[in-house]
Amino acid sequence: MDKLNGLEDLRGLSGWELERLCYEIRSFLIDHVSRTGGHLASNLGAVELTVALHRVFHSPEDSIVWDVGHQSYTHKILTGRKDRFDTLRQPGGLSGFPKPHESVHDAFVAGHASTSVSAACGIAAANRLSGNGHTAVAVVGDGAFTGGMIYEAINNVDPAARLVIVLNHNDMSISKNVGAFARYLSTIRAKPGYLHLKERIENLLEHIPLVGLPLERAIRSSKSVLKYILYHNTFFEEMGLYYIGPVDGHNLRELEDALTQARDLGQPSVVQVETVKGKGYEFAERNPPAYHGVSRFDVCTGTFGSSPAPAGPTFSSTFGAEIERLGIRDPRICAITAAMKLGTGLDGFSRSCPGRFFDVGIAEEHAVTFAAGLATKGYIPVFAVYSTFLQRSFDQVLHDAALEKTHIVLAVDRAGIVGDDGDTHQGVFDVPMLTCIPGVTIYSPAGFDSLREDLRRALYEEEGVVAVRYPRGGEGDHCPFGPGEDDVWVDGDRRLTVIAYGRTASALWQACQKLETPPEQVYLNKIWPLSDEMLKVLARRERILMFEESVLSGSIAEHLLSALNRLGFRGEYRMVTLPDAFIPQCSVPEALDRFGLSTGAMEKRVRQEMEGLE
């Protein structure tokens, strides 16, 4: 690694130096990620692949687009960011994902799955229009092929495009891959001799003298028959993509040969690469899901200094236990995940109610409409999804569920600030997204007891689309919600009324306990639609201050002000929300404090407001 001052140095390394380089990169990754946290297993599996890509293609002229991008750490090291790796996922430091503003070698922003082929198609089209002869490369994990956007892109590939799709096949996304495409790739891997035999026979056919059109047609037919006899399925080739593979993803010579062949074809191609997620680190190889996204850990023992999930119950685990309990009792309840069974807490439900558990892969759009279909036949589907990924199914929530008035429950995990994954993963847009859709109901519990009760109410007392949103991690010293309450009023100085919900309600409760003269407090549990009774009372108040962990535009705070104005409110109204911006990476406590939503920041703000009254 110390010899590398640029990509040209990489292309000048000998075979044994390349092997040494890959070893050093793995050691570097394990050492640094053990201290900063980050995505480990996916990056360990893509070391040789990344080295081969940068030896065959010339970035940034040739654009390498990473799908999701959590496997791009080696790419960052090779493109001049090794010395900044101690800042990975830290405020102001390297992102855990490709960022074009970070380096000219990061061709496209990434964070969500199944987008790379579409972006690479666009880049390839631009290259063709410019006549520059450069190649666009999309590096895609097989898990991303469960997302429909991949197929939309493949369907739209220009036959003249200089496009290479590298399919990194390791049987994993975060958890084990599911679905027909995963099974299909396994059949390809089971026939590794297909490509070599195919090329030998095609070469033989090309050297037979053509005697008229009938023989030419017979040769073409024989090639097509050959595919079906040996392969039984020609998905990529039938879609117009030249197929190369499977290739050993940890053999640099094979990788470079395959990628060079794809590059020199000058036409759209797919190179299927077989890799091992977690390669080179025994603990990660044995348990890739546990080492997908990690906190700090001990390299020698593989144990985490602090568990990847917070110690004790979390909102996710509490939801999972409750939906499992309810599902065992009620055969109508179904649980759906988009490749996030473990992350959303549905592992228990999948074991207790296997026939009613559905992992649809990385396909949030399909998950919502699938849930709506279940609902039309009397089932009660619950789709557990991270807030950042719910964004992908906006049209389906609006058109297929809300418009049809089908009763589905959205368990919106990781709502609010999520921390080190940064702007691509913050869950700060779900409230504006959902409140603009007619007929949607939203709960935002502040604690575990409220979450359990809200889930029950969402299942059995509400109609249409119901969202129960909750943050990452555990509960704080939450405010005193009783079972089934939509809001809680705490008496205090009525010259100032403070309002909050969810995790922010817990923090505001703690802040108000520190005040000698606390204000009147309102803690919302059912945050949408707004209560008519609550609005009538608030319309008579003198000064209102609302705290909310959401972007401002479309927030509950903004909706509340609009509703109060319609009722003739003449008091003062202030809002402390997140800005209308993409929130950069930093820890959750740091972000909340920065934007005035930590306990300390809210205590200071409320104290200032109370002093201003005097």
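All residue numbers refer to positions in the sequence shown, counting from 1.
- Ring centroid separation for the pair F370 and F358 comes in under the 6.0 Å cut-off.
- Counting heavy atoms of neighbouring residues, nucleotides and ligands inside a 6.0 Å radius, atom OH of Y386 exceeds 12 of them.
- In this structure the side chain of T36 reaches within 4.5 angstrom of the side chain of Q90, judged on heavy atoms.
- Taking OG1 of T275 as the start and CD of Q272 as the end, the distance is 10.5 Å to the nearest 0.5 Å.
- T577 and E548 are not linked by any side-chain donor-acceptor pair at a separation below 3.5 angstrom, with hydrogens and angles left out of the test.
- A salt bridge between K341 and D347 is present, with a side-chain N of the basic residue lying under 4.0 Å from a carboxylate O of the acidic one.
- H559 and T435 share a side-chain donor-acceptor pair at under 3.5 Å.
- Once rounded to the nearest 0.5 Å, the distance linking CZ of R332 with CG of L374 reads 13.5 Å.
- In this structure, H39 contributes its side chain and Q71 its backbone to no donor-acceptor pair below 3.5 Å.
- In terms of modelled atom types and a separation under 3.5 Å, the side chain of E549 and the main chain of I417 share a donor-acceptor contact.
- Side-chain contact between T337 and V360: absent, with no pair of heavy atoms (C-beta onward) separated by less than 4.5 Å.
- At least one donor-acceptor pair under 3.5 Å links the side chain of D359 to the backbone N or O of A339.
- For the pair R457/D486, a side-chain contact is recorded, criterion being any heavy-atom separation below 4.5 Å from C-beta on.
- Looking only at side-chain heavy atoms (C-beta outward), T388 and R414 stay at 4.5 Å or farther from each other.
- Distance alone, capped at 3.5 Å, places no donor-acceptor pair between the E463 side chain and the K405 backbone.
- The main-chain N or O of T314 is found under 3.5 Å from a side-chain atom of S317 such that the two form a donor-acceptor pair.
- For the residue pair Y379 and P331, the shortest heavy atom distance occurs at CE2-O, 3.7 Å.
- Formation of a donor-acceptor pair under 3.5 Å by the E364 side chain with backbone atoms of S393 is not found in this model.
- Partner S387 forms a side chain to side chain contact (heavy atoms under 4.5 Å, CB included) with one of D413, D430, V431 and no other, that one being D430.
- The side-chain heavy atoms of W509 and Q521, taken from C-beta on, include a pair separated by under 4.5 Å.
- Taking all atoms of both residues into account, the shortest heavy-atom contact from L346 to I323 is CD2-CG2, 3.8 Å.
- Taken to the nearest 0.5 Å, the CD1 atom of I154 stands 12.0 Å off from the CE atom of M149.
- Taking the charged nitrogens against the carboxylate oxygens, D421 and R89 do have a contact shorter than 4.0 Å, which makes a salt bridge.
- Note on K526 versus E461: no salt bridge recorded, every NZ/NE/NH1/NH2 to OD/OE distance being 4.0 Å or above.
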Q: List the steps and the verdict of side chain to side chain contact (heavy atoms under 4.5 Å, CB included) for V522 and M546.
A: CA-CA 9 Å; V522 182; M546 182 164 185; over 6 Å; no
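- Using modelled atom types, one side-chain atom of N525 and one backbone atom of E485 make a donor-acceptor pair closer than 3.5 Å.
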Q: Tell me, with the steps shown, if S531 and E533 meet side-chain hydrogen bond (donor to acceptor under 3.5 Å, both in side chains).
A: CA-CA 5 Å; S531 162; E533 293 75 15; 3.1 Å; yes
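- Here the CD1-OH distance, from I442 to Y501, works out to 8.0 Å after rounding to the nearest 0.5 Å.
- With hydrogens and angles ignored, the 3.5 Å screen pairs a side-chain donor or acceptor of S42 with a backbone N or O of H70.
- Across all non-hydrogen atoms, the minimal contact from A402 to V465 is N-CG2, 3.7 Å.
- G96 and Q585 get closest at one heavy-atom pair: N-OE1, 4.2 Å.
- If you look at H425 and F97, their ring centroids are closer than 6.0 Å.
- Here OG1 of T369 is found 10.0 Å from CD of E404. Values are rounded to the nearest 0.5 Å.
- Considering all non-hydrogen atoms of both residues, T441 and P529 come closest at OG1-CD, 4.3 Å.
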Q.
Could you go through Y460 and I380, starting from their C-alpha distance and side-chain angles, then the distance that decides it, and tell me whether this counts as side chain to side chain contact (heavy atoms under 4.5 Å, CB included)?
A. CA-CA 9 Å; Y460 298 119; I380 311 176; 4.0 Å; yes
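- In summary, the side chains of D142 and N168 do not present any donor paired with an acceptor at a separation below 3.5 Å, with no hydrogens or angles considered.
- Two residues are said to be in side-chain contact when any heavy atoms from C-beta on lie closer than 4.5 Å; I328 and F349 fail this criterion.
- Under 4.0 Å is where a charged nitrogen must lie from a carboxylate oxygen, and between E322 and R456 no such pair does.
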Q: Kindly determine whether V65 and V139 satisfy side chain to side chain contact (heavy atoms under 4.5 Å, CB included), including the steps that lead there.
A: CA-CA 6 Å; V65 183; V139 186; over 6 Å; no
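- When all heavy atoms are compared, the tightest approach of R469 to P445 is O-CD, 3.2 Å.
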Q: Determine, stepwise, if the pair S352 / E324 fulfils side-chain hydrogen bond (donor to acceptor under 3.5 Å, both in side chains).
A: CA-CA 7 Å; S352 299; E324 180 183 7; 2.4 Å; yes
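- Aromatic ring orientation, H75 versus W66: tilted (interplanar angle from 30° to 60°).
- R452 is not listed as a side-chain neighbour of L455, based on a closest heavy-atom distance of 4.5 Å or more.
- Residues T599 and L508 are not in side-chain contact: their nearest non-hydrogen atoms beyond the backbone lie 4.5 Å or more apart.
- Panel note: side chain S450, backbone A446; no donor-acceptor pair is recorded below 3.5 Å.
- Annotation: the span from F383 atom CZ to Q396 atom CD amounts to 10.0 Å, rounded to 0.5 Å.
- Checking side-chain atoms of D67 against main-chain N and O of S116 turns up a donor-acceptor pair under 3.5 Å.
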Q | From CA spacing to verdict: side chain to side chain contact (heavy atoms under 4.5 Å, CB included), I499, L560 | A | CA-CA 10 Å; I499 306 173; L560 178 58; 3.7 Å; yes
